[in-house]
Structure formats: structure tokens, C-alpha cells
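Right, one structure below, let's go through it.
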Amino acid sequence: MPRAFEFFHQMRKKGLKPNVVTYSTLIDAFCKEGMMQQGIKFLVDMKRLGLLPNEYTYTSLIDANCKAGNLTEALKLANEMLQANIDLNIITYTAIIDGLCEAGRIAEADDIFRAILKAGLTPNVQIYTTLAHGYMKVKKMECALNLLQEMKEKSISPDLLFHGTVIWGLCNWDKVEETKFVISEMKESGLSLNPVIYTTIMDSYFKTGKTTEALNLLEEMWDLGIEVTVVTFCVLIDGLCKTGLVLEAINYFNRMPEFNLQPNVTVYTILIDGLCKNNFIEAAKSMFDEMLSKNLVPDKTAYTALIDGNLKHGNFKEALNLRNRMIEMAVELDLPAYTSLVSGFCRCGQLQQAREFLDEMISKHILPDEILCIGILRKYYELGHVVEAIELQNEMAKRGLITSPVHHVFPSVQT
DNA sequence: GTAGGGTTAG
């Protein structure tokens, strides 16, 4: 981006006058780099030079605003276009419809879509995909599937992205069986699933308890020559661990090289977490060491998985060591990390240490959720530290960390 | 010579 910026300045130095296209290109580039303010500066700049923004300039800005969640600003720009007598075209409308859908305003998105059809605009597969995505996001699966029918009537061919959107939506709402119909439609049109779609479906099979079907997908991918990725194995190993099939998970982990894949930190973390949660804490530790020996650098999630596991097994000293390692290695602690530490040290009866972590997280503005707050309060009561509990509870209430009244949280304690 | 669509991992 600074490069485009340099070109622009060189142009100006040479006395070359940038035109609308130059400005539009620059504005679009800044917007896509997340530097919308810069983009708007250029808009002001070009207007000052007497250059009028065109449909491209406006569409770039509208799309960027929609994607940044500034729907109001996007709609303002759209109005500005109308006032400047620039017609909104299908690309501009696609951006606006997407923005409305992202904001959960699907009804308005549909209204606009219907209105532009009525006004004679010819729809295309892109705008249908945007709308289908919007419907899927709010679980209106029938509406999305109706679009498929509507497209057929208009002789618009749904493509890979459209089908992928519908499949993603169905999986997201646990309707994985219903993807079969979409898949057969795709096959009829000569479209094949890509690795991402396969992995999405596999994940959904695991999450709906259909382990056999999920595992069969790996075979299918392999047989069809669809690229099996590290993410596929993440889904596979996570699914097996969460189903309690830890040995199977380890087995697949060990088979990754057969697929020319090397495990990364994420796969290790998934396996470590799965081992911990299935009471294989020693195996989890070995995996962590193995990861280190391969010069993989554990991140906060990896550390947290093992810290959490250790604390659930009473190894609070080990957990503390790991936390110190994080500090040494400049790995930042986040909300899940602190949540594991506070709840884990509570569980181990190390109330004072738990309290230190609680204070530490609050001082860093990483705020505990209500469940964590109530958890630590309970421990104070349980251990008979009633006065401290009440003090802490009042403090939490003052900070807005807990909303439940005292007697609702601890009915058995007289205050 | 510029602008638009979906998605997978802890």
C-alpha cells in the first residue's frame, strides 16, 4: 500500500494529473487495507480538485463501510450517489445487500433485492449468493433453498460458491444430511466439492454424532484425489476426541505423514486438549514436549490447554510453571487462559493464588464472566471465608461483573 | 482503466 502511495506522489511530482480512475484505484486499495480514513481523505482530495467520484469510487467506499459494519455511512454514500445522478448498479447493490445481511437486516435486504428486480435489473449468481448467505445466517434455510429454484427459473447457474454457501449454512444448523441433495445437484452440474466444503461437512458429521460418516469422508477425499489438509485433520482429531475416541485420534494423528502432512501447533493443541479432557494427562504432557522438540512454538491456546488439564488433575505446581513459561516466552495471557487459571486454582483449593490471578486479569481489563466470579465466590464460602466472600462480591457487583443479587447466588448463606 | 458473492482447525 505505501507503494501505491509513492507512485501517486511521484505522479504528482512529475506534474501528471491523477484522474478519477487513479483516485478510485487508490481509494479502493486503502479501503481494502483497512485504512478507510485514508480512503476518505482521497475522496475529499479528488472532490477538491474538481474530480467527481464515479460508480466505482462510491462502490469501493460503500463496500468497505459495509464490511466494517458502518452501514449508516454506506447508506449515506448511496444517497449521495443518487443525488449526484449516478445509478446504483448490481455491484453496488450486492455490497449494500451484504451489509444489510451482516447487520441482521435480512428483510430489508430482500426488499431491496425484490425492488431492483422489479425495476428491471438483471440478477446474477453473485447477488443470489449474498442473499442466500444472509438467509442461512439467520437459519432461514427454506428461503435460501428457494433461491436455488428461483435461479433455475431465470436460467442462472448456481456455481461452487453458491452451493458452498448453502452447504455451509446447512452444516452450521446441523442439517448435514440435507447437504446430500445439494451435493447431488452439484454433481449434476459437473461441480466438484473442494477441500473446504469436505472439511465443513466432516465437522458437521462429528458434531451430530455421525462418526462413521465423518471418517468415511476422509476415505472419499483420498479416493477422489481431493486435497486433505492439516485443517481436515484438526476437524478429525477434535471430532474423535470429543466423541471419546482418543486412541483413534492418536492413530490418525500418527498417520498424518502418510498424507504428506506435518502437524502444526493447532493440531497438537487439539490433541493435547483432547487428551487432557479424557484423563490422559501424562500423554498430553508428552505431546507438548514432542511439539517443543520439533521446534514448534506453542501459543497461548496450547499453553492454556495443558494448564487447564494440569489443574483439573490437581497439578497446580505444574500449571504455575507453565504460566511462568508463558511470561518468559512473552506469550500473552487472554481471557480463556485466565479463566482456566482462576477456576483451576480454585478447584485445587489454592484460593489465594486464584485471587491473585483474578486481580491480575481485572487490572489488565480482561474481565471474568459471571460464571467465573460466582465460582470463586462459592469457593470462599465453601472454605468458610464468609467476610472475604461478601467483600469480593460487593466489589464484583460494583464493577458490574455480577448481576445476580446475593441471596440468589448463595441461598444457604446468611448475610 | 478502477467496484461485488461462500467456507473449514484448538
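In this text the structure is predicted, and so the values were computed from the model without any measurement. Residue numbers start from 1 in every chain, and the chains themselves are labelled A, B, ... in the order their sequence lines are given, proteins ahead of strands.
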Output the rounded distance in Å from [atom1] ([X]) to [atom2] ([N]).
X        : N      : atom1 : atom2 : result
A:Ile197 : B:dG6  : CD1   : P     : 13 Å
A:Phe206 : B:dT8  : CZ    : C1'   : 13 Å
A:Leu77  : B:dG4  : CG    : P     : 15 Å
A:Ile183 : B:dG6  : CD1   : C1'   : 15 Å
A:Asp159 : B:dG4  : CG    : C1'   : 13 Å
A:Glu55  : B:dA3  : CD    : C1'   : 8 Å
A:Lys137 : B:dG6  : NZ    : P     : 10 Å
A:Met291 : B:dG10 : CE    : P     : 16 Å

- Item | Residue pair A:Asp110, A:Tyr135: steps toward the side-chain hydrogen bond (donor to acceptor under 3.5 Å, both in side chains) verdict | CA-CA 9 Å; A:Asp110 192 74; A:Tyr135 277 127; 2.8 Å; yes
Which part of the nucleic acid does [X] contact within heavy-atom distance under 4.0 Å: base, sugar-phosphate only, or nothing?
X        : result
A:Asp63  : sugar-phosphate
A:Ser60  : sugar-phosphate
A:Val125 : base
A:Val265 : base
A:Ala302 : base
A:Lys67  : sugar-phosphate
A:Phe162 : base

- Message: ring-ring contact (aromatic ring centres under 6.0 Å, His included), that's the test. Do A:Phe162 and A:Tyr128 meet it? Break it down for me.
- Response: CA-CA 8 Å; A:Phe162 183 89; A:Tyr128 271 106; 7.2 Å; no
- Roughly how far, to the nearest 0.5 Å, is CZ of A:Phe316 from CZ of A:Arg323?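 So the gap between those two atoms works out to 15.0 Å.
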- Message: Does anything in residues 84-96 of chain A come within less than 4.0 Å of DNA chain B? Heavy atoms only, and list the residues if so.
- Response: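 Result for residues 84-96 of chain A: A:Asn89, A:Ile90, A:Ile91, A:Thr94, sorted by number.
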Nearest of [options] to any side-chain atom of [X]?
X        : options              : value
A:Thr301 : B:dG5, B:dG10, B:dA9 : B:dG10
A:His133 : B:dG10, B:dT2, B:dG6 : B:dG6
A:Val231 : B:dG10, B:dA3, B:dT8 : B:dT8
A:Thr165 : B:dG10, B:dT8, B:dG6 : B:dG6
A:Leu161 : B:dA9, B:dG10, B:dG5 : B:dG5

- Task: With side chain to side chain contact (heavy atoms under 4.5 Å, CB included) as the test, would you mind laying out the steps for A:Ile62 and A:Glu80 before giving the verdict?
- Result: CA-CA 11 Å; A:Ile62 288 171; A:Glu80 204 176 305; over 6 Å; no
With distance as the sole criterion, do the side chain of [X] and the base of [N] form a donor-acceptor contact below 3.5 Å?
X        : N     : value
A:Thr200 : B:dT8 : no
A:Thr130 : B:dG5 : no
A:Asn124 : B:dG4 : yes
A:Asp98  : B:dG4 : no
A:Gln126 : B:dG4 : yes

- Task: Kindly write out the residues that satisfy salt bridge (charged side-chain N to carboxylate O under 4.0 Å, His left out) with A:Glu332, not counting sequence neighbours, or none if the list is empty.
- Result: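 By the salt bridge (charged side-chain N to carboxylate O under 4.0 Å, His left out) rule, A:Glu332 matches no residue at all.
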- Message: Side-chain N or O of A:Lys32 versus OP1/OP2 of B:dT2: is the shortest distance under 4.0 Å?
- Response: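 False: A:Lys32 side-chain N/O out of range (4.0 Å or more) of B:dT2 OP1/OP2.
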- B:dT8 OP1/OP2 closer than 4.0 Å to side-chain N/O of A:Lys207: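 Indeed not, no polar side-chain atom of A:Lys207 lies that close.
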- Query: Less than 4.0 Å between a side-chain N and a carboxylate O, is that true for A:Glu382 and A:Arg347?
  - Reply: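 No, A:Arg347 and A:Glu382 are not salt-bridged.
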- Is A:Glu213 salt-bridged to A:Lys180, going by a charged N under 4.0 Å from an acidic O?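 A salt bridge is absent here (no side-chain N lies under 4.0 Å from a carboxylate O).
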- Message: Take a 6.0 Å sphere around NZ of A:Lys210 and say whether it holds more than 12 heavy atoms from other residues, nucleotides or ligands.
- Response: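 Yes.
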- More than 12 heavy atoms from other groups under 6.0 Å of NZ on A:Lys294: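 Yes - once you tally the heavy atoms of other residues, nucleotides and ligands closer than 6.0 Å, there are more than 12.
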